[in-house]
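Everything below concerns the one structure shown next.
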Amino acid sequence: PGPRARGGPMPHGQQRSADDGMRDAGGRARWAILWLTCGGLFGQFFAFDIPSALNDQMKSVVLSQGTKMLASEYHKYFGLLYSVYSVPNVVLPLALGIAVDRCGYRALIVLLALCVVVGQVIFTLGWEASSWSTMLLGRAVFGFGGETLQIAQNCLLFRWFKGREVALALGLNLSVARGGSVVNDVLSPFVARRWGVTGALWLGTVLCVAGFALNVWSAVMDKREGERTRLAEATSDEHVSMKDVMNMPRLYWLLTALCVVLYSAILPFNNIASGYFVETAFAEQPRAQAQQSAGNALSVLFLVSALGTPPFGGFLDMMGRRTHFLLFSSLLLTLTYAAIAHVPPVLTTFCLGCVYTAFAGALWPAFALTVPQRMLGTAYGFAVSLQNAGLAVVPVVVGWLQSRKEGAGRYQDVMRMFLSFGLAGVAVSLLVMRVNADRGGVLDKPSGEADQCAASDDEIVPLRPPTKGLPAKGKVPGAVIGRGQACA
């Protein structure tokens with residue numbers, strides 16, 4: 001037997017070869033895990049966006065059932081389908097984000113993926129029974145798993161890709177997931193024409209079941225390969241308190257505010273875009289043709305994101321410049337809504353796709369550079385909680401604004417609101433650039449260099465100065481100090 005079998009030290013050459021082989025195996029494993037997590041989200045995103053793709057079809061069915069429901073009432077209930085998804089996620093991502101930091105993400109991935117399947121089944125049965133209360137219950141259960149599942153997956157991927165291709169990995173994960181939205185926008189109207197809305201909903205259920213299987217596989221493979229390659233676990237025995245959350249740096253809170261503003265300007269629009277295009281740009285087409293045209297135009301938004309996010313993430317890993325792209329996305333969003341009534345729908349959705357690609361690709365990896373790794377799940381959770389607070393309120397406001405007018409004119413106030421979100425995004429982006437510059441420009445560095453400058457536990461200081469006078473020497477209230485300045 002060789003030296004390892006006898007318990008003696010391995011010769012240097014053999015040790016180096018074994019380490020290289022372990023890194024190679026870990027490299028193959030991490031890419032396999034990445035593709036499993038991507039597939040695990042595909043069905044969830046497909047099912048989530050079915051109501052938006054079939055908005056007009058669902059409306060026609062509901063109003064023809066003899067329930068005496070008015071179109072204005074339908075719009076309010078339709079908005080609730082997205083609000084009840086978001087309401088639980090105002091609190092759950094924070095609570096479960098802390099659970100990720102304390103208990104690990106593998107069990108949560110399995111549990112939350114199961115909630116997605118159960119919620120979609122309940123929603124489909126509610127549609128078959130013409131029960132809005134059952135449909136709303138299904139969307140709430142679906143939402144219980146949907147948002148927090150992505151937080152757990154982000155922590156899993158950060159474990160394997162930290163300091164390397166983290167933006168590319170998160171970009172691929174989002175890209176394939178958004179591929180589910182693209183396929184939904186094209187396939188669901190096609191399926192609905194042949195087998196009705198019910199057929200499209202059951203197709204979404206089947207894809208959610210497939211996603212559940214892939215999520216379980218990713219959790220099993222993460223544990224097995226992590227043990228084999230001796231990769232450190234992403235959990236921590238330290239307690240993350242609400243005080244720790246409130247003392248997270250200003251840069252983190254500005255990124256969170258930008259997250260809320262821009263997501264509230266894109267996803268709620270996507271919910272109503274099909275009906276908007278049918279009643280405006282495609283109003284002169286036959287109804288069925290207009291619905292398919294709207295679905296095709298709508299698919300461009302997430303198609304651009306699906307195709308553009310991976311190479312864009314790789315670019316950010318190499319070049320940095322995250323804050324510049326956050327500002328670019330805010331400016332483009334503002335211009336898009338300013339011109340939406342005067343340009344073809346495909347151009348509108350293409351521009352929004354570019355916004356979504358630049359914004360999401362730059363934002364989510366940036367969070368990991370503002371807080372210590374032990375708080376990463378909590379940081380993602382709090383950001384997603386506040387994001388969902390916006391996504392819970394905005395669809396209700398959209399439904400209320402639509403109910404005030406009839407015909408295509410009911411969208412005018414809605415578009416003005418989305419335009420104001422774009423302007424707010426520009427203002428917050430400028431603040432992000434300023435605070436990031438004070439921190440040594442960590443968000444604008446390539447991933448490998450930025451990781452060396454990222455936050456650590458000893459760099460989080462309270463939001464308030466320790467005395468009534470000037471802050472303690474070397475400490476900036478509410479900022480991350482130390483390596484951030486050292487890496488300037």
Looking only at atom types and distance, does a side-chain atom of [X] sit under 3.5 Å from a main-chain N or O of [Y], one as donor and one as acceptor?
X: Trp253; Y: Met248; result: yes
X: Tyr77; Y: Trp132; result: no
X: Ser305; Y: Leu301; result: no
X: Asn436; Y: Leu251; result: no
X: Asn215; Y: Ile109; result: no
X: Asp413; Y: Leu401; result: no

For Val393, enumerate each residue passing the side-chain contact (heavy atoms from CB on, under 4.5 Å) test, keeping only those at least two apart in sequence or located in another chain.
->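 Only Val397 meet the side-chain contact (heavy atoms from CB on, under 4.5 Å) criterion with Val393.
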With sequence neighbours left out, write down each residue that passes side-chain contact (heavy atoms from CB on, under 4.5 Å) with Leu137, or none if nothing qualifies.
->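 side-chain contact (heavy atoms from CB on, under 4.5 Å) list for Leu137, sorted by chain: Ile122, Val141.
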Please report, to 0.1 Å, the donor-acceptor pairs under 3.5 Å made by any side chain of residues 78-85, with sequence neighbours excluded.
| unit_1 | atom_1 | unit_2 | atom_2 | d |
| --- | --- | --- | --- | --- |
| Tyr82 | OH | Ser52 | N | 3.0 |
| Ser83 | OG | Gly79 | O | 3.3 |
| Ser83 | OG | Ala392 | O | 2.8 |
| Tyr85 | OH | Glu147 | OE2 | 2.7 |

Using ring-ring contact (aromatic ring centres under 6.0 Å, His included) as the criterion, list what pairs up with [X], not counting sequence neighbours.
X: Phe123; value: none
X: Phe315; value: Phe325
X: Phe42; value: none

Any pair counted as side-chain hydrogen bond (donor to acceptor under 3.5 Å, both in side chains), so long as it reaches residues 286-303, sequence neighbours left out |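 Sorted pair list: Asp56-Arg287, Asp56-Gln291, Arg193-Gln292, Gln285-Ser293, Gln292-Asn296.
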Could you list all the side-chain hydrogen bond (donor to acceptor under 3.5 Å, both in side chains) pairs where at least one residue sits in residues 35-47, not counting sequence neighbours?
->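 Sorted pair list: Thr37-Asn173.
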Test side chain to side chain contact (heavy atoms under 4.5 Å, CB included) on Cys259 and Leu386 and set out the steps.
-> CA-CA 9 Å; Cys259 174; Leu386 294 179; over 6 Å; no
What residue pairs, at least two apart or across chains, pass ring pair (Phe, Tyr, Trp, His ring centres under 6.0 Å) with a residue in residues 165-215?
->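 Non-adjacent pairs meeting ring pair (Phe, Tyr, Trp, His ring centres under 6.0 Å): zero.
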Inter- and intrachain pairs under ring pair (Phe, Tyr, Trp, His ring centres under 6.0 Å), touching residues 278-302, at least two apart =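 Of all non-adjacent pairs touching residues 278-302, those that pass ring pair (Phe, Tyr, Trp, His ring centres under 6.0 Å) are Phe302-Tyr356.
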Name every donor-acceptor pair, under 3.5 Å, that has one atom in a side chain of residues 338-353 and the other anywhere in the protein, sequence neighbours excluded.
| unit_1 | atom_1 | unit_2 | atom_2 | d |
| --- | --- | --- | --- | --- |
| Thr349 | OG1 | Ala297 | O | 2.9 |
| Thr349 | OG1 | Pro345 | O | 3.1 |
| Thr349 | OG1 | Val346 | O | 3.1 |

Does atom NZ of Lys76 have more than 12 heavy-atom neighbours, drawn from other residues, nucleotides or ligands, at distances under 6.0 Å?
->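 Open: at most 12 neighbouring heavy atoms sit under 6.0 Å from NZ of Lys76.
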Nearest non-hydrogen partners of Thr370 and Pro249, listed with the distance |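 That would be O-CG, 3.1 Å.
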Taking all non-hydrogen atoms of both residues into account, name the closest pair between Leu41 and Ala177 and its distance.
->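 Shortest heavy-atom separation between Leu41 and Ala177 comes out as CB-CB, 3.6 Å.
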Can you give the donor-acceptor pairs under 3.5 Å from side chains of residues 421-435 to other protein atoms, not counting sequence neighbours?
| unit_1 | atom_1 | unit_2 | atom_2 | d |
| --- | --- | --- | --- | --- |
| Ser429 | OG | Leu326 | O | 3.4 |
| Ser429 | OG | Ser330 | OG | 2.9 |
| Ser429 | OG | Gly425 | O | 2.8 |

Pick one: which of Val394, Leu262, Asp49, Leu391 meets side-chain contact (heavy atoms from CB on, under 4.5 Å) with Leu267?
->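 Exactly one pass, corresponding to Leu391.
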Go through Leu187 and Leu203 one step at a time and tell me if the side chain to side chain contact (heavy atoms under 4.5 Å, CB included) criterion holds.
-> CA-CA 10 Å; Leu187 186 58; Leu203 174 60; 3.7 Å; yes
